[in-house]
> 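Can you keep this structure in mind? I'll have questions shortly.
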Amino acid sequence: MSSQKPYSFFQSVERSFDKAAKFTQWESGLLEQIKACNSIYSMRFPVKMDDGRIEVIEAYRIQHSQHKTPCKGGIRFSMAVNQDEVMALASLMTYKCAIVNVPFGGAKGGIKISPRNHSAYELEKITRRYTAELVKKNFIGPGIDVPAPDYGTGEREMSWIVDTYQSLKPGDIDSAGCVTGKPITQGGVRGRREATGLGVFFGIREVCNMEPVMAKLGLKTGIEGKTVIVQGLGNVGYFCAKFFREHGAIIVSIAEYEGAIYKADGINEEELFQHRKATGSILNFPGATNLAKNGDALELACDILIPAALENVIDAENAPNVKAKIIAEAANGPLTPEADEIFVEKGILVVPDMYLNAGGVTVSYFEWLKNLSHVRYGRMEKRFTENMNAHILNQIEGLTGKTVGPKDKEFIMHGAEEIDLVHSGLEETMINATREIMEIMEANPTIPDMRTAAYVSAINKVAISYTELGIFP
Ligand code: GLU
């Protein structure tokens, strides 16, 4: 990775946007409005640390677009957080939601801290104070702006947020919908934890089932037997590895911040996770070889490379060495625009972040709907469906004189539970988005790559909703 970046992250998002805008018919003023970040809240607040020191915390919440409300997007805890990064990530959220038809505007939050350098108590104080700042400025609420987990945050932080919000807004009946990615006991939805990884899997599986696309890459259809490299063993990377492995792919290499490992016959992500928990590192995993640098994993031969950590990890410098046939962008913005161009030239298929990692926000949408409806998915109809299915089965058995085997019987009778509905809604969303983007590419063969096609889809949808709002009559 080079240290000198010719573009900032936000500029690279703008660049991709402009490239795609040329394939649309919208007037330039409207395009400018879509591109702009509407509301930027940059804050500094003091927090007393465990040792008595006062630290000034730098944090942001940026709402890129309110063409649909609430705004939606995660909050990250990382030392790399800065305004430009949060602006870029907020923009990506707008486009992502548009592509997968999730009716939100884009937003993102960031707190410039390294979670490893703080105690749980300090993290709680920082998160609660951040939430209070958002409440004060009307930057959070089920109808305003709904945060979620991102890099460095998870269910624990989301429960601090909802608790702080509820204590400041007593009586707000929809308050559980002020944040998503909560634990189930605090109003979360089953299936949110694995949603991004599972969405990546559904999206790539759909691409891999497209015969002409695979033929062009010299690959067979299907996931089975494909070699996969995953960068990042956080929530997204872990579940990507799990679903690909469970469907017959071989995870040959995994990279983390402390290093990378290679194992030709495949890594089991759960065993690696436990190994890391016990030893503090993914290195020295039994049966695997340690690589010299963590970045080396990106350059190994494989069918599918999944960057599932941070932005800008593949740039003009290392892109020429990448040997993967498909790059599945599980992270937000892992490729620079230069890397993108190199891959188009090399015929490597880049499946873009903007829709591929939309599983998280899609299931967040389901969680938000659950919170607003105050009822668990499946509660009303599960038993009814099961009774009805039992009745139909009895009738069939009676009429045919044959009996259905116990395994099939169980499958046919089963009424959908929350997890079934969430996974099915996610699968449908990811399949449709993949097909929609591929259709845009087929309809206009001058569109050079899937990212541009995804942007075209997003721009069209956001532009239509702006014009329908009557803002630009
Ligand atoms: N942080 C995730 C993303 O980048 C999820 C956002 C959400 O659920 O609102 O898409």
Side-chain angles (χ1 to χ4, degrees), residues 9 13 60-65 68-78 81 85-111 134 139-155 157-158 161-162 176-183 187-189 191-200 202-203 232 234-240 307-311 328-334 352-371 422 425-426 429-430 433 454 458:
F9 188 14
V13 172
Y60 302 89
R61 183 71 187 174
I62 297 183
Q63 296 168 351
H64 170 257
S65 176
K68 289 205 190 286
T69 46
C71 299
K72 191 84 190 75
I75 297 177
R76 65 170 53 182
F77 287 0
S78 140
V81 161
E85 181 194 60
V86 185
M87 283 167 72
L89 294 166
S91 319
L92 286 174
M93 287 308 302
T94 296
Y95 309 134
K96 190 186 299 190
C97 290
I99 294 172
V100 292
N101 299 321
V102 164
F104 297 140
K108 201 78 171 199
I111 305 185
L134 295 179
F139 257 70
I140 184 170
I144 299 168
D145 187 348
V146 182
D150 197 80
Y151 188 86
T153 59
E155 290 174 19
E157 287 71 20
M158 302 308 117
I161 293 175
V162 70
C178 76
V179 65
T180 59
K182 302 178 291 292
V189 74
R192 175 63 184 86
R193 196 177 293 166
E194 68 272 29
T196 309
L198 185 56
V200 170
F202 285 143
N235 173 279
V236 179
Y238 174 90
F239 282 109
C240 283
L310 285 173
E311 60 266 18
E329 290 191 323
N332 288 309
D353 52 357
M354 278 167 61
Y355 99 93
L356 190 64
N357 70 25
V361 75
T362 302
V363 176
S364 276
Y365 171 47
F366 301 155
E367 180 176 333
W368 180 77
L369 291 174
K370 175 188 183 181
N371 296 149
V422 165
L426 176 61
T429 303
M430 294 309 297

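Ligands are counted one by one from 1 in listed order, and the atoms in each one are counted from 1 as well.
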> How far is atom 4 (O) of ligand 1 from its nearest protein heavy atom, and which residue and atom is that?
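Checking every protein heavy atom, the shortest distance to atom 4 (O) of ligand 1 gives Lys108 NZ, 2.9 Å.
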> Ignoring hydrogens and geometry, is there a side-chain-to-backbone donor-acceptor pair from Asn357 to Ala330 under 3.5 Å?
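At least one qualifying donor-acceptor pair exists.
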> Which option out of Met354, Glu367, Arg192, Lys96 puts a heavy atom nearest to atom 3 (C) of ligand 1?
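Nearest option to atom 3 (C) of ligand 1, by heavy atoms: Lys96.
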> Under 3.5 Å, is there a donor-acceptor pair linking the side chains of Thr180 and Ser364?
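Yes, because at least one side-chain N or O of Thr180 sits under 3.5 Å from a partner of the opposite role on Ser364.
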> Give the atoms of ligand 1, by number and element, whose distance to some non-hydrogen atom of Gly74 is under 4.0 Å.
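Taking each heavy atom of Gly74 in turn, ligand 1 has 1 (N), 6 (C) under 4.0 Å.
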> Measure from atom 2 (C) of ligand 1 to every heavy atom in Pro149, Ala148, Gly199 and give the option owning the shortest one.
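Heavy atom nearest to atom 2 (C) of ligand 1 belongs to Pro149.
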> Whether the side chain of Glu329 engages the backbone of Met354 through a donor-acceptor N/O pair (distance < 3.5 Å, no angle test) should be reported.
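No; zero donor-acceptor contacts below 3.5 Å.
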> What atoms of ligand 1 come closer than 4.0 angstrom to any heavy atom of Met93?
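Taking each heavy atom of Met93 in turn, ligand 1 has 3 (C), 4 (O), 6 (C), 10 (O) under 4.0 Å.
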> Any side-chain heavy atom of Ile75 within less than 4.5 Å of one from Arg61?
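Yes. Closest side-chain heavy atoms under 4.5 Å.
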> Hey, could you give me the CG/OG1 distance between Leu426 and Thr196, rounded to the nearest 0.5 Å?
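OG1 of Thr196 is found 8.5 Å from CG of Leu426.
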> In terms of atom number and element, which parts of ligand 1 are under 4.0 angstrom from non-hydrogen atoms of Ser364?
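Every atom of ligand 1 under 4.0 Å from some heavy atom of Ser364: 7 (C), 8 (O), 9 (O).
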> If the cut-off is 4.0 Å to any non-hydrogen atom of Asn332, which atoms of ligand 1 fall inside it?
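Close to Asn332: 4 (O).
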> Nearest to atom 9 (O) of ligand 1, what protein heavy atom do you find, and at what distance?
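The closest one turns out to be Lys72 NZ, 2.8 Å.
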> What I want to check is whether the side chains of Arg76 and Thr153 have a donor and an acceptor closer together than 3.5 Å.
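No - no donor-acceptor pair under 3.5 Å links their side chains.
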> What I want to find out is whether Glu311 reaches Lys108 closely enough, with some N-O distance under 4.0 Å, to be called a salt bridge.
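Lys108 and Glu311: not salt-bridged.
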> I'd like to know if the side chain of Asn332 and the backbone of Asp353 have a donor-acceptor N/O pair within less than 3.5 Å.
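Side chain of Asn332 to backbone of Asp353, a donor-acceptor pair under 3.5 Å: no, none is there.
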> Classify the contact between Leu89 and ligand 1 as side chain, backbone, both or neither, using a heavy-atom distance cut-off of under 4.0 Å.
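It is neither part, as no heavy atom is under 4.0 Å.
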> List ligand 1 atoms under 4.0 Å from Gly360, heavy atoms only on the residue side.
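Checking each atom against Gly360, I get 8 (O).
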> Can you list the ligand 1 atoms lying under 4.0 Å from a non-hydrogen atom of Gly73?
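Close to Gly73: 9 (O).
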